[in-house]
Amino acid sequence: MAKPISASKMLELLRAEGLTVHEVRNWRTHNRNTKGPWGPLNGVMIHHTVTSGTAASVDICYDGYSGLPGPLCHGVIDKKGEIHLVGNGRANHAGLGDGDVLRAVVNETGLPHDNEADTDGNRHFYGFECINLGNGKDPWPEAQKEAIEKVSAAICRHHGWSERSVIGHKEWQPGKSDPRGFTMDGMRRRIADRLGGKAPKPDPDSKPTPAKPSYVPFPGADFFHVGQKSPIITAMGRRLVAEGCGHYEEGPSPEWSDADRKSYQAWQRRLEFRGKDADGIPGKVSWDKLKVPAS
Ligand SMILES: [Zn+2]
């Protein structure tokens, strides 16, 4: 028993599961809530559309047809495994089904055979329509099956449900055959694996690894001579100023100057180089310690 997932939360959960999600028209407020109750929620129901073509199938699921107004589900799962959200709230997908099945879903026990149509399923189930002709020949691409697995797992994980809260329409309502082309037991095993941590859930607290700062490698002592002009020299000068070793009246500038040499000498002395080792011409050890940022 659970409170319905809000539109924004649904979007967030599905995207966090790695799914590509499309928002169709006014799906956030598109529902049948004026016709009957919505919730408490107890499970996820999988269907096939008996249609082909993504755009046409999504339109039918949003609008419905004469005699059965839309939305006909909450999301459409296309052959590429992308999700099209068409409704949020009560939707015309489950119809009347077997109350014994609902009890089994609530308790997450084995499913009894569905032989009664005495219970309003639209109140209790999220519904996903998968684009397939349902003739037993139309293939189910792996991407589409993986999307069924991900959608189901995302919702189950949010509510704290197991894979047993996911059923096919054919397990709910007598006379229904959907989904046809894979077994719901096989799909539930996949969902269980995903929930069991074999497909790690994205960690909301994870931060991107900071990029390593990069420094200018030592260009060699010969690089530093009168007439040399380079942005490296400006960057070096800025670091010397930052270290309190700057002897610049103006600048630093890109052109190697006496001020650079004096400033660098101060840095070498800071590092306890003496005599010829503190002549103001950069050497590798002092250069590496200065950490001149590469632009
Ligand atoms: Zn169905």
Side-chain angles (χ1 to χ4, degrees), residues 4 10 24 27 30-32 35-36 38 41-54 56-79 81-102 104-105 111-141 144-145 147-152 155-156 163-188 191:
M10 180 66 83
V24 181
W27 77 277
H30 189 45
N31 56 55
R32 303 275 299 158
K35 303 295 175 186
W38 170 235
L41 272 296
N42 301 109
V44 179
M45 194 173 292
I46 305 301
H47 304 261
H48 62 220
T49 55
V50 199
T51 62
S52 63
T54 300
S57 303
V58 168
D59 278 345
I60 290 170
C61 288
Y62 189 98
D63 295 324
Y65 46 86
S66 65
L68 194 65
L72 302 186
C73 59
H74 298 99
V76 178
I77 302 177
D78 71 22
K79 294 256 192 213
E82 299 186 0
I83 314 301
H84 306 259
L85 292 173
V86 295
N88 169 46
R90 186 180 169 90
N92 269 332
H93 71 97
L96 289 177
D98 195 322
D100 297 326
V101 171
L102 180 61
V105 168
L111 292 175
H113 180 63
D114 54 326
N115 56 4
E116 283 173 294
D118 56 6
T119 302
D120 173 17
N122 296 334
R123 173 178 187 174
H124 297 290
F125 289 91
Y126 299 100
F128 287 85
E129 285 281 359
C130 308
I131 299 176
N132 189 281
L133 291 172
N135 58 8
K137 290 180 189 141
D138 192 9
W140 290 82
Q144 190 178 27
K145 286 192 281 186
I148 299 169
E149 172 196 320
K150 287 181 170 178
V151 163
S152 304
I155 294 173
C156 287
E163 77 284 0
R164 289 195 151 178
S165 290
V166 183
I167 64 173
H169 198 189
K170 64 183 170 193
E171 295 172 309
W172 169 249
Q173 193 172 39
K176 290 290 175 183
S177 64
D178 61 325
R180 185 173 174 200
F182 61 89
T183 69
M184 281 307 298
D185 282 336
M187 182 53 69
R188 277 187 285 266
I191 296 164

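Just so you know, ligand 1 is whichever comes first in the structure, and atom 1 is the first atom listed for that ligand. Side chains are part of it too, since the values below use all heavy atoms of this structure and drop only hydrogens, waters and symmetry mates. One-based numbering along the sequence shown.
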Residues Asp120, Arg123: salt bridge by 4.0 Å N-O rule:
no
Could you count the protein N, O or S atoms found under 2.8 Å away from the Zn ion (ligand 1)?
3
Partner residues of [X] under the side chain to side chain donor-acceptor pair (under 3.5 Å) criterion, sequence neighbours left out:
| X | result |
| --- | --- |
| Asn132 | none |
| Trp140 | none |
| His124 | Asn42 |

Can any side-chain N or O of Glu171 pair as donor or acceptor with the backbone N or O of Val166 at less than 3.5 Å?
no
Could you verify whether a donor N or O on one side chain and an acceptor N or O on the other, from Asn88 and His30, lie under 3.5 Å apart?
no
